[in-house]
Amino acid sequence: MRQSEAIRFVIEIQVDDVKSFKELAAQAVAISRDEPGTVVYDWYLNEATGECRLYEAYETLEALSAHVSGRVFTEVGPKLVQVCKFVRVDAFGPVPPGAKERRGIAPTTWWDAPFAAVSGG
């Protein structure tokens, strides 16, 4: 993976129904595990507060596009938004064309590609 093409997200989520949320997140992971170009798709949950972070990374914008148009969004996503709220998104890496103009799942800050990094270039 060329780091200059990789795109990463940290998504802040507030969970209302922990049990259902965990089941749906597990379904999303099972689907994402088989998506080409998905490098990271990790969920972190504080059950006591309902605070969650999803950290995901894709090798290329094409891999991200496949994820966004795939089963996680079409099958799991509609159920997921019934048990949680997507609070904010931090996106790191090249910005997909038109992404800043589109409405996403939550307010999004696009950080673009790193200007200095250990991870390569």
Side-chain angles (χ1 to χ4, degrees):
M1 170 176 61
R2 291 193 341 242
Q3 296 299 324
S4 60
E5 291 183 9
I7 187 163
R8 300 164 188 85
F9 297 90
V10 176
I11 302 171
E12 180 181 342
I13 303 164
Q14 185 60 47
V15 178
D16 298 320
D17 178 346
V18 170
K19 182 178 183 282
S20 296
F21 179 80
K22 288 173 75 174
E23 291 169 2
L24 291 165
Q27 290 175 25
V29 167
I31 293 167
S32 296
R33 185 173 284 128
D34 294 330
E35 292 177 331
T38 300
V39 179
V40 177
Y41 195 73
D42 298 345
W43 298 76
Y44 301 87
L45 176 63
N46 179 330
E47 291 187 35
T49 65
E51 293 175 282
C52 177
R53 298 296 182 276
L54 169 58
Y55 174 53
E56 51 187 305
Y58 302 89
E59 288 181 347
T60 62
L61 292 174
E62 291 78 19
L64 171 62
S65 180
H67 175 74
V68 170
S69 63
R71 292 176 50 215
V72 167
F73 275 73
T74 61
E75 295 176 18
V76 181
K79 298 172 192 170
L80 202 55
V81 296
Q82 301 300 311
V83 299
C84 71
K85 177 183 180 197
F86 290 83
V87 178
R88 67 172 282 111
V89 177
D90 282 313
F92 305 89
V95 180
K100 290 183 179 180
E101 294 78 30
R102 282 192 295 266
R103 183 173 178 264
I105 59 172
T108 302
T109 301
W110 291 94
W111 292 95
D112 211 346
F115 71 93
V118 171
S119 59

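None of the values given here were measured: they were computed from a predicted structure. Throughout, numbering of the chain's residues begins at 1 and tracks the sequence.
By the 4.5 Å heavy-atom criterion applied to side chains, Arg71 and Val76 are not counted as neighbours. Side-chain atoms of Arg33 and Tyr41, non-hydrogen and from C-beta on, never get closer than 4.5 Å to each other. Side-chain contact check for Val83 versus Asp16: every heavy-atom pair is 4.5 Å or farther apart. Proximity of Leu24 to Lys79: side-chain heavy atoms (C-beta onward) are separated by under 4.5 Å at one or more points. Inter-residue side-chain proximity for Ile7 and Phe92 is flagged as unmet; no heavy-atom pair is nearer than 4.5 Å.
Smallest separation of non-hydrogen atoms from Val72 and Ser32: CG2-OG, 3.5 Å. Here the shortest heavy-atom pairing between Ala6 and Pro94 reads O-CD, 3.1 Å.
Proximity of a side-chain donor or acceptor of Thr108 to a complementary backbone N or O of Ala106 within less than 3.5 Å is detected. For the pair Gln14 (side chain) and Thr49 (backbone), a donor-acceptor distance under 3.5 Å is present. Remark: the backbone N or O of Leu61 is not paired with any side-chain donor or acceptor of Ser65 at under 3.5 angstrom.
Classified by interplanar angle (parallel below 30°, tilted 30° to 60°, perpendicular above 60°), the ring pair Phe9/Trp110 is perpendicular.
Between atom CG of residue Leu64 and atom CD of residue Glu35 there is a gap of 10.0 Å, rounded to the nearest 0.5 Å. Summarising the geometry, atom CG belonging to Leu80 is positioned 10.5 Å from atom CG belonging to Asp17; distances are rounded to the nearest 0.5 Å. Rounding to the nearest 0.5 Å places CZ of Arg53 at 9.5 Å from CG of Asn46.
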TODO: List the steps, then state whether ring pair (Phe, Tyr, Trp, His ring centres under 6.0 Å) holds for Phe21 with Trp43.
DONE: CA-CA 11 Å; Phe21 179 80; Trp43 298 76; 5.5 Å; yes
- [ ] Applying side-chain contact (heavy atoms from CB on, under 4.5 Å), run through Thr60 and Tyr58 and close with a yes or a no.
- [x] CA-CA 6 Å; Thr60 62; Tyr58 302 89; over 6 Å; no
Task: side-chain contact (heavy atoms from CB on, under 4.5 Å) between Val18 and Leu45, worked out - done: CA-CA 9 Å; Val18 170; Leu45 176 63; 4.0 Å; yes
- [ ] For side-chain contact (heavy atoms from CB on, under 4.5 Å), just list the numbers for Gln27 and Glu75, CA-CA rounded to whole Å, side-chain angles, deciding distance to a tenth of an Å, and then say yes or no.
- [x] CA-CA 10 Å; Gln27 290 175 25; Glu75 295 176 18; over 6 Å; no
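Transitive grouping of hydrophobic side chains (ILVMFWY, heavy atoms separated by less than 4.5 Å) keeps Val87 and Leu54 in distinct clusters.
The pair Arg88-Asp90 meets the salt-bridge criterion, since a charged nitrogen lies less than 4.0 angstrom from a carboxylate oxygen. Salt-bridge annotation for Lys22 and Glu47: present, with a side-chain N of the basic residue lying under 4.0 Å from a carboxylate O of the acidic one.
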